[in-house]
Amino acid sequence: MTSHRTPSRHRALLAAGAGLAVTAALTLSGTGSASAVPADAGSTTVQPAGHLYAAQLNGTATFQAGSVSVSCSVSSSVPSAGGGDSNRIPAAPANTNPSGPVVSVINAPTYSDCSANLPGVDVTITTTGTWGISMQNGSPITATLDAPAKGMVLKTTGLANCTVTAAPDGPAVIPTTFTNGAPSQLAATNVALPVKVEGGFGCPTSATTAVLNATYDVTDVTDPASQITVGG
């Protein structure tokens with residue numbers, strides 16, 4: 001479980017925009033979903049086999065729900081201390097799939113340094129459950145994120161007391177694109193994510209989706225001189 005608290009003045013994360021921030025977190029983490037992969041998906045190989053990797057936000061993550069907008073400047077999903085299987089490319093030969101995606105588990109993302117157009121609130125974001133990613137070679141390369149049901153809950157206190165639950169009715173499939181490079185990048189562009197907003201005055205309770213835009217640098221933690229790449 002990951003929990004972050006933002007000071008009311010400096011991080012006015014979403015009073016009425018609470019719904020967005022939660023969806024935001026959904027994007028950075030997710031677990032691969034084969035349902036988003038075409039039936040005729042080709043071969044995929046992710047390299048380097050067995051290496052740990054991290055995803056760090058490049059720029060800002062922005063979320064829009066109606067007239068409410070939220071941006072966060074810090075977000076990441078990194079390997080567990082001491083290694084483990086999270087944020088790790090499968091060891092060979094499991095890093096290759098002749099007819100579909102290569103799937104790995106990732107740690108839930110964290111978000112901080114967020115601001116919204118409604119100041120004066122404290123925000124706590126909690127993420128739970130199993131997240132992952134499935135990478136599928138193609139044109140473009142895709143990296144489908146899958147967030148667990150209710151895997152992120154955002155609460156605001158102060159001028160608005162809101163509870164925002166992401167993926168309220170079941171796992172959320174989040175389509176993104178992956179670009180090989182130095183570093184490689186994962187990008188979510190105008191992705192609509194399901195949310196449920198509860199609360200009183202100032203809470204956007206009618207919002208059921210939020211639109212996410214974010215780009216993450218995906219880097220090799222095991223060997224920083226290497227690059228995480230997806231090919232056929």
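When each of T222, D223, I228, T229 is paired with P48, the side-chain contact (heavy atoms from CB on, under 4.5 Å) condition holds for I228 and for no other.
A 4.5 Å side-chain heavy-atom check between I89 and Y53 finds at least one atom pair inside the cut-off. Here the side chains of S99 and S43 are not in contact, with every heavy-atom distance at 4.5 Å or above. Residues Q185 and V218 fail the side-chain proximity criterion, which asks for heavy atoms closer than 4.5 Å. T130 is listed as a side-chain neighbour of V105, based on a closest heavy-atom distance under 4.5 Å. Counting only heavy atoms from C-beta outward, the side chains of I133 and L186 approach each other to under 4.5 Å. Looking only at side-chain heavy atoms (C-beta outward), T176 and T144 stay at 4.5 Å or farther from each other.
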- Query: What's the verdict on side-chain contact (heavy atoms from CB on, under 4.5 Å) for F178 and V230, showing C-alpha distance, side-chain angles and the deciding distance?
  - Reply: CA-CA 8 Å; F178 188 92; V230 179; 3.6 Å; yes
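Checking Q56 against D217 by side-chain atom types alone, no donor-acceptor pair falls below 3.5 Å. Neither side chain, Y111 nor S76, offers a donor N or O lying under 3.5 Å from an acceptor on the other.
I141 and V102 end up in the same hydrophobic cluster when Ile, Leu, Val, Met, Phe, Trp and Tyr side chains are linked at under 4.5 Å.
At least one donor-acceptor pair under 3.5 Å links the side chain of S75 to the backbone N or O of T110. Without hydrogens or angle criteria, T44 side chain to G100 main chain gives a donor-acceptor distance under 3.5 Å. At distances below 3.5 Å, at least one donor-acceptor pair connects side-chain atoms of N213 with backbone N or O atoms of N190. Using a distance-only test at 3.5 Å, with no hydrogens or angles considered, a donor-acceptor pair links the side chain of Q136 to the main chain of G42.
Once rounded to the nearest 0.5 Å, the distance linking NZ of K150 with NZ of K196 reads 7.0 Å. Atom OG of S184 sits about 8.5 Å away from atom CE of M135, to the nearest 0.5 Å. In this structure, the separation between CG on L57 and OG on S112 is 9.5 Å, given to the nearest 0.5 Å. Distance CG/D113 to OG1/T60: 11.5 Å, rounded to 0.5 Å. For the atom pair SG of C203 and CD of E198, the computed distance is 9.5 Å after rounding to the nearest 0.5 Å.
Shortest non-hydrogen contact noted between P140 and T177 is CG-CG2, 4.2 Å. Shown here for L52 and G84, the closest heavy-atom pair between the two residues is CD2-O, 3.8 Å. Nearest approach of T219 to P183, heavy atoms of both residues: CG2-CB, 3.8 Å. P168 approaches P194 most closely through the heavy-atom pair CD-O, 3.7 Å.
Residue pairs satisfying the side-chain hydrogen bond (donor to acceptor under 3.5 Å, both in side chains) criterion with at least one member in residues 80-98, sequence neighbours excluded, are listed as follows: T45-T96, S77-N87, S80-N107, S86-N107.
For V191, the side chain to side chain contact (heavy atoms under 4.5 Å, CB included) criterion is met by I174, P175, A188, L193, not counting sequence neighbours.
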